Q: 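Can you read through this structure? Questions will come right after.
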Amino acid sequence: MATIGLIGSGNIGQAIARQAVAHGHNVVLSNSRGPETLADVVAALGPLASAATAAEAGATGDLVVVTVPFKNYTRIPAEPLGGKTVIDTNNYYFERDGHFPDIDSGRTSVSEVLAAHLPDSHVVKAFNNIAAAAIGDEAAPAGTPNRRALPIAGDDAEAKKTVAALIEEFGFDVVDAGPLAEGRRFDRDKPAYGPHLTAEQLREALAQG
Ligand SMILES: NC(=O)c1ccc[n+]([C@@H]2O[C@H](COP(=O)([O-])OP(=O)(O)OC[C@H]3O[C@@H](n4cnc5c(N)ncnc54)[C@H](OP(=O)(O)O)[C@@H]3O)[C@@H](O)[C@H]2O)c1
């Protein structure tokens with residue numbers, strides 16, 4: 001049993017928290033407004049869930065999930081996340097986030113930007129290409145025909161192993177897309193972004209991306 005700290009507790013944060021609790025993990029949720037605003041969400045998740053500030057959720061988690069509107073990444077507290085594996089679910093939507101010229105030009109990518117903000121953390125890109133509801137709805141036991149596969153990307157092998165094990169436990173196959181910079185292969189508008197794909201189909205989609 002691990003403790004998963006969530007920085008951001010909206011659609012994706014809550015979907016991940018539900019799966020984590022269902023598999024016996026503790027979750028510590030946080031948002032921008034304060035733990036008291038998460039009382040109903042915590043009550044619905046049950047005794048393995050609690051709420052805290054973002055810094056506390058980050059400090060408490062063995063594993064931390066950053067799942068906020070991308071434009072808010074500068075407000076993620078870096079120090080409590082030092083040395084930890086951090087899952088980055090974020091996507092860049094210029095319509096919501098404003099333009100980031102270095103991403104628009106391809107000089108960098110969403111998760112590399114977060115990793116630069118969290119230089120002492122091991123950032124793994126995951127869960128960004130699946131709709132929140134599908135994290136519960138499309139989960140299936142290992143070996144199920146047509147089981148959905150999810151991609152990961154990251155620069156730290158141990159961190160990727162940890163995240164891959166969690167995704168497997170949640171009910172998905174995992175395809176390693178390579179280093180964090182390769183995470184752009186499953187960003188918005190890429191073939192791997194959105195659809196239900198098996199591991200084989202996902203590898204093909206990543207190659208096209
Ligand atoms: N929705 C999807 O199906 C989906 C799928 C894959 C990836 N994503 C990506 O994942 C990220 C989260 O998406 P979402 O749909 O879950 O968003 P959402 O429902 O709008 O939730 C965002 C959460 O982030 C919190 N937040 C915002 N700024 C924060 C800060 N500075 N510190 C701590 N918490 C903060 C918000 O708290 P407050 O409400 O208190 O501000 C809220 O709990 C986005 O980048 C999105 O593009 C979404």
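Just so you know, ligand 1 is whichever comes first in the structure, and atom 1 is the first atom listed for that ligand. None of the values given here were measured: they were computed from a predicted structure.
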Q: Decide yes or no for H25 and T3: does some side-chain heavy atom of the first lie under 4.5 Å from some side-chain heavy atom of the second?
A: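 Not in contact.
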Q: Within the 4.0 Å heavy-atom shell around T67, which atoms of ligand 1 are there?
A: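 Matching atoms, with element in brackets: 10 (O), 11 (C), 12 (C), 23 (C), 24 (O).
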Q: Consider only side-chain N and O atoms of H196 and E138, and report whether a donor and an acceptor are under 3.5 Å apart.
A: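 Per modelled atom types, H196 and E138 side chains form a pair under 3.5 Å.
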Q: Would N128 count as a polar contact of ligand 1, with the cut-off being nitrogen or oxygen pairs under 3.5 Å?
A: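 Not met; the criterion fails.
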Q: Any atoms of ligand 1 less than 4.0 Å from a non-hydrogen atom of A131? List them with their elements.
A: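 The atoms of ligand 1 under 4.0 Å from a heavy atom of A131 are 3 (O).
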Q: With atoms numbered from 1 as shown, which atoms in ligand 1 lie under 4.0 angstrom from a non-hydrogen atom of A132?
A: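 Those atoms are 2 (C), 3 (O).
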Q: So for ligand 1, is G10 a polar contact partner (N or O within less than 3.5 Å, distance only)?
A: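 Right, the criterion is met.
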Q: Decide whether S109 and D187 meet the rule of one side-chain donor and one side-chain acceptor closer than 3.5 Å.
A: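 Their side chains do not contain a donor-acceptor pair, so the 3.5 Å distance test is not met.
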Q: Between K125 and V110, is the side-chain contact (heavy atoms from CB on, under 4.5 Å) condition met? List the steps.
A: CA-CA 9 Å; K125 185 180 184 76; V110 178; 4.1 Å; yes
Q: Look only at interatomic distance and state if S32 has a nitrogen or oxygen under 3.5 Å from any nitrogen or oxygen of ligand 1.
A: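 N/O-N/O distance under 3.5 Å: yes.
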Q: Considering non-hydrogen atoms of the protein only, which is the closest contact for atom 4 (C) of ligand 1, and what is the distance?
A: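 The closest heavy atom on the protein side is I12 CG1, 3.3 Å.
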Q: Looking only at protein heavy atoms, which one is nearest to atom 45 (O) of ligand 1, and what is the separation?
A: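 The protein heavy atom lying closest is V68 O, 2.8 Å.
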Q: Pairs of nitrogen or oxygen atoms closer than 3.5 Å, one from N91 and one from ligand 1: do any exist?
A: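 Right, the criterion is met.
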Q: Would you say atom 47 (O) of ligand 1 has a protein heavy atom nearer than 4.0 Å?
A: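 Yes, there is one.
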Q: Looking only at heavy atoms of I130, does any of them come nearer than 4.0 Å to an atom of ligand 1?
A: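 I130: in contact with ligand 1 (<4.0 Å).
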Q: Could you find the nearest protein heavy atom to atom 25 (C) of ligand 1 and give me its residue, atom name and distance?
A: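 Of every protein heavy atom, G8 CA, 3.7 Å lies nearest to atom 25 (C) of ligand 1.
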Q: Is there a side-chain contact (heavy atoms from CB on, under 4.5 Å) between T67 and F127? Walk through the geometry before answering.
A: CA-CA 9 Å; T67 183; F127 293 114; over 6 Å; no
Q: If we only count N/O pairs under 3.5 Å, is I7 in contact with ligand 1?
A: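 In this structure, I7 places no N or O atom under 3.5 Å from an N or O of ligand 1.
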Q: List the closest protein heavy-atom neighbour of atom 37 (O) of ligand 1: residue, atom name, distance to the nearest 0.1 Å.
A: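 The protein heavy atom lying closest is N31 CB, 3.2 Å.
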Q: Hey, mind stepping through I135 and I12 against side-chain contact (heavy atoms from CB on, under 4.5 Å) and telling me if it holds?
A: CA-CA 8 Å; I135 291 175; I12 282 280; 3.8 Å; yes
Q: Name the one of L6, T162, V65 that satisfies side-chain contact (heavy atoms from CB on, under 4.5 Å) with I87?
A: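 Between I87 and the candidates, side-chain contact (heavy atoms from CB on, under 4.5 Å) is satisfied uniquely by V65.
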Q: Please work out which of N11, T37, I16 has its closest non-hydrogen atom nearest to atom 17 (O) of ligand 1.
A: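 Nearest heavy atom to atom 17 (O) of ligand 1 lies in N11.
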Q: Give the atoms of ligand 1, by number and element, whose distance to some non-hydrogen atom of N90 is under 4.0 Å.
A: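 Ligand 1 atoms under the 4.0 Å threshold to N90: 11 (C), 45 (O).
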Q: Between S30 and I7, does the side-chain contact (heavy atoms from CB on, under 4.5 Å) criterion hold? Intermediate values first, please.
A: CA-CA 5 Å; S30 70; I7 300 185; 4.0 Å; yes
Q: Looking only at protein heavy atoms, identify the closest one to atom 27 (C) of ligand 1 and say how far it is in Å.
A: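 Scanning the protein heavy atoms, the shortest distance from atom 27 (C) of ligand 1 goes to N72 ND2, 3.5 Å.
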Q: State, yes or no, whether a side-chain contact exists between V41 and S9 at a heavy-atom distance under 4.5 Å.
A: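 Heavy-atom side-chain distance check fails, nothing below 4.5 Å.
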Q: Evaluate F127 for polar contact with ligand 1, using N/O atom pairs at a separation under 3.5 Å.
A: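 Min N/O separation from ligand 1 is not below 3.5 Å for F127.
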Q: For atom 20 (O) of ligand 1, what is the nearest protein heavy atom, given as residue, atom name and distance?
A: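 That would be P69 CG, 4.5 Å.
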Q: Hey, does R148 have a side-chain heavy atom less than 4.5 Å from the side chain of I130?
A: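 Yes, at least one pair of side-chain atoms sits under 4.5 Å.
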Q: Identify which of R75, R33, K71, Q14 has a heavy atom lying nearest to atom 31 (N) of ligand 1.
A: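 Of the listed residues, R75 has the closest heavy atom.
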Q: With heavy-atom distances below 4.5 Å as the criterion, would you say the side chains of Y92 and H99 are in contact?
A: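 Yes. Closest side-chain heavy atoms under 4.5 Å.
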Q: Mind checking whether V27 and L48 have side chains closer than 4.5 Å, heavy atoms only?
A: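 No; the side chains remain at least 4.5 Å from each other.
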Q: Heavy-atom distance under 4.5 Å between the side chains of N128 and Y193, does that happen here?
A: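 Yes - at least one pair of side-chain heavy atoms lies under 4.5 Å apart.
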Q: Tell me, which protein residue and heavy-atom name are nearest atom 10 (O) of ligand 1, and how many Å apart are they?
A: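 It is T89 OG1, 3.1 Å.
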Q: Evaluate Y73 against D88 for side chain to side chain donor-acceptor pair (under 3.5 Å), listing each step before the verdict.
A: CA-CA 10 Å; Y73 82 89; D88 175 24; over 6 Å; no
Q: Under a heavy-atom criterion of less than 4.0 Å, does Y92 contact ligand 1?
A: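 Checking ligand 1 against Y92, which is what was asked, there is no heavy-atom contact under 4.0 Å.
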Q: Among all protein heavy atoms, pick out the one at the shortest distance from atom 43 (O) of ligand 1; state its residue, atom name and that distance to 0.1 Å.
A: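 For atom 43 (O) of ligand 1, the nearest protein heavy atom comes out as S9 N, 2.9 Å.
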